[in-house]
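In what follows, chains are A, B, ... by sequence order, proteins preceding strands, each numbered from 1. These numbers come from the heavy atoms of this one structure, side chains and all, not from hydrogens, waters or symmetry mates.
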Protein chains: 2
Amino acid sequence: MVSKAIHGKFVNPFPEDKHRKQGDARMTESKGGDGTVGKALDVLDLIASFNRPVRFAELQGKSPFPKATLYRLIQTLTHQNMLAQDPDTGAYSPGIRLVRLAHAAWQQSSLAPIARPHIDDLSRQAGQTIHLAQLDGGQVLYVDKRNAREPVDMFSQAGKVGPGYCTGVGKAMLAFLTETELEAVLARQSFHRFTPSTLTTKDALWTEFEEIRASGYAFDREEHEAGIICIAAPILSNGGRVIGGLSITGTLLKTTLAELESFAPLLLQTAQKIAEDAESWRFPGQQTANR
Amino acid sequence: MVSKAIHGKFVNPFPEDKHRKQGDARMTESKGGDGTVGKALDVLDLIASFNRPVRFAELQGKSPFPKATLYRLIQTLTHQNMLAQDPDTGAYSPGIRLVRLAHAAWQQSSLAPIARPHIDDLSRQAGQTIHLAQLDGGQVLYVDKRNAREPVDMFSQAGKVGPGYCTGVGKAMLAFLTETELEAVLARQSFHRFTPSTLTTKDALWTEFEEIRASGYAFDREEHEAGIICIAAPILSNGGRVIGGLSITGTLLKTTLAELESFAPLLLQTAQKIAEDAESWRFPGQQTANR
DNA sequence: TTTGTTGTTTCACTATTTGAAACTTAATCT
DNA sequence: AGATTAAGTTTCAAATAGTGAAACAACAAA
């Protein structure tokens with residue numbers, strides 16, 4: 001495949017010069033990004049997306065890079081322990097070095113440590129499942145979770161990703177992005193119809209965003225998973241920038257939208273507290289919607 | 001020059017450590033890097049090692065790379081969301097994209113998911129703190145933990161690193177490496193004396209390794225932290241390869257080495273069970289000692 | 001204002017990366 | 001067994017992407 005057209009050394013959508021001048025700020029390309037490092041990270045993402053060990057040939061099929069290049073990138077990543085290779089099958093999976101790096105990331109760049117006491121409280125008071133999320137490349141990244149009852153089930157949940165356009169936290173966060181950011185994010189949504197209730201058009205979303213901005217919170221009306229509903233609020237910095245999202249989730253078997261809505265004041269109040277703490281802790285904040 | 005060509009596609013057995021750090025901090029983390037990707041990852045590691053947001057100037061002081069190069073690397077990483085930059089202070093910290101990647105890594109390349117039920121059992125039976133670790137670049141990387149009583153405290157613990165030469169799990173794992181692997185690992189240890197009991201010479205360690213191999217388990221006799229002791233065992237694959245380590249930890253206030261030793265059979269049995277499960281789940285295993 | 005510190009860009013030079021193709025296993029078929 | 005196909009690895013000339021001294025901008029302090 002990939003004949004002459006794409007295999008250019010540096011996949012640049014805009015045939016500018018080799019030297020990217022300051023010019024157009026961050027025209028962040030989602031993928032195929034900057035230099036060799038960007039390519040390597042793409043490969044990492046690709047491998048991670050399989051959620052199981054993958055062999056070289058399979059990767060080659062899904063990757064735009066020519067065989068030799070892909071091979072070298074993988075070699076490098078493996079040497080760096082960013083990938084682990086099964087000695088028997090030769091299959092690759094994300095490496096443990098990532099776990100170490102993520103520890104630092106979670107502690108420093110996520111809202112989780114700051115929000116912890118607050119979501120503990122919220123969980124106790126609402127008696128429901130709580131999700132704390134942030135935006136990452138247009139997707140919802142869950143950074144913490146409280147199960148109503150059971151002991152925490154952390155790492156297996158933190159790091160999970162979900163769609164931005166059909167989850168409560170997703171919509172709550174998107175609704176408060178700037179128009180530019182939103183445009184960028186929407187362009188990256190798949191608009192897959194998960195359930196009959198899923199909103200699959202920009203227009204439908206846009207309308208809903210207005211309601212969300214008006215009320216301050218969003219609902220997930222079984223849009224991602226049948227029987228699962230939630231109420232969610234954005235966590236906004238002083239400057240009005242979206243730094244995260246918070247939600248209370250339940251199943252239609254045990255609760256109703258009306259009941260969840262009764263938690264709205266508590267939810268908003270918690271989101272507010274988290275925002276304040278984040279501010280005073282000089283939280284890095286950098287929560288741009290693009291990648 | 002700083003970046004001398006390694007170019008060999010296949011890493012030379014012992015890559016000379018070219019990036020010599022001046023006024024090296026405590027992190028024994030500097031490993032050579034292949035190509036630009038390696039350098040970028042070095043920078044990531046460096047930033048992560050600060051455990052707080054760092055500004056450019058500070059990084060420049062600790063990094064072997066010239067200003068412009070460092071700058072570009074950081075730019076790229078930030079672009080890729082591997083780093084987050086505080087919009088106000090301009091300080092950098094590890095980015096959330098890492099959290100997402102780590103989720104995949106933790107699930108696929110760590111022993112944690114497989115070992116979970118077993119360490120739950122062990123924790124219940126021993127009523128002590130349990131650590132599950134793996135080797136990462138000569139250091140001990142904790143991938144899971146059970147606190148005797150309190151609910152799990154996951155992400156805040158998983159991803160943590162510790163020295164290999166003066167922790168129970170560390171010694172248990174090192175003792176069962178091949179001589180070549182061990183040599184490589186020992187070369188990367190700092191041999192910092194944490195407490196009066198810390199073993200600070202290769203010889204002392206070597207002797208201890210023999211005992212560990214004989215008994216099958218290792219002790220930490222306050223070598224890393226005063227008052228903290230533990231008993232640890234390696235988790236070995238069928239082929240005898242070290243795939244992880246497991247430990248039972250206590251404080252001298254509440255327990256003794258003798259009491260911990262009484263758990264030895266249980267500990268070894270658990271390690272064995274985990275190994276079996278790992279094997280049958282075709283665990284990637286790739287647990288080479290070098291980076 | 002000047003000075004100093006920190007962060008950003010330039011630009012000539014070149015070393016690293018590139019990728020088609022050749023090659024070496026490892027598996028599968030006849 | 002030998003022949004055939006697929007998977008993975010290495011080569012090598014070409015050129016892109018990376019380098020880093022130094023100039024530059026932005027901003028704070030003197």
Euclidean distance, atom CD1 of residue A:I74 to atom C1' of D:dT9 [Å, nearest integer]:
12 Å
Whole-Å distance separating the CG atom of A:L73 from the P atom of C:dT16:
16 Å
N/O (side chain, B:Y71) to phosphate O (OP1/OP2, C:dG7) under 4.0 Å:
no
To the nearest Å, how far apart are B:R72 CZ and C:dT16 P?
14 Å
I want to confirm an ordering. Mapping A:Y92 and B:T69 to their closest nucleotides on DNA chain D, which one lands closer to the 5' end?
A:Y92
Does the base of C:dG19 carry an N or O that pairs as donor and acceptor with the side chain of A:K67 under 3.5 Å?
no
Whole angstrom is fine here: how far is it from CD in B:E58 over to C1' in C:dG7?
15 Å
Separation of atom NE2 in A:H79 from atom C1' in D:dT9, rounded to whole Å:
12 Å
Side-chain N,O (B:K39) to OP1/OP2 (D:dT19) below 4.0 Å
yes
From the options D:dG8, C:dT18, C:dG7, select the nucleotide whose nearest atom is closest to the side chain of A:F56.
D:dG8
Taking only N and O in the side chain of B:T36, is any of them less than 4.0 Å away from OP1 or OP2 of C:dT16?
no
Report the distance from atom CG of A:L70 to atom P of D:dT9, rounded to the nearest whole Å.
12 Å
Can you check the B:Q60 CD to C:dT8 P distance for me, whole Å?
12 Å
Name the orientation class of the two ring planes belonging to B:Y71 and B:F56 (parallel below 30°, tilted from 30 to 60°, perpendicular beyond 60°).
perpendicular
Taken to the nearest whole Å, CD/B:Q75 to P/C:dG7 is 12 Å
Passing candidate, side-chain contact (heavy atoms from CB on, under 4.5 Å) with A:Y92, options A:V43, A:L77, A:I74
A:I74
Of all heavy-atom pairs between B:A48 and A:L101, which one has the smallest distance, and what is that distance?
CB-CD2, 3.9 Å
Which residue lies toward the 5' end of DNA chain D, A:A57 or B:A68, if each is placed at its nearest nucleotide?
A:A57
Considering all heavy atoms, the nearest B:V140-B:G170 contact
CG2-CA, 3.4 Å
Look at all strands and tell whether B:R55 reaches a base, only sugar-phosphate, or nothing, counting heavy atoms closer than 4.0 Å.
sugar-phosphate
Please report the shortest heavy-atom distance between B:E58 and B:V54, naming the atom on each side.
OE1-CG1, 3.4 Å
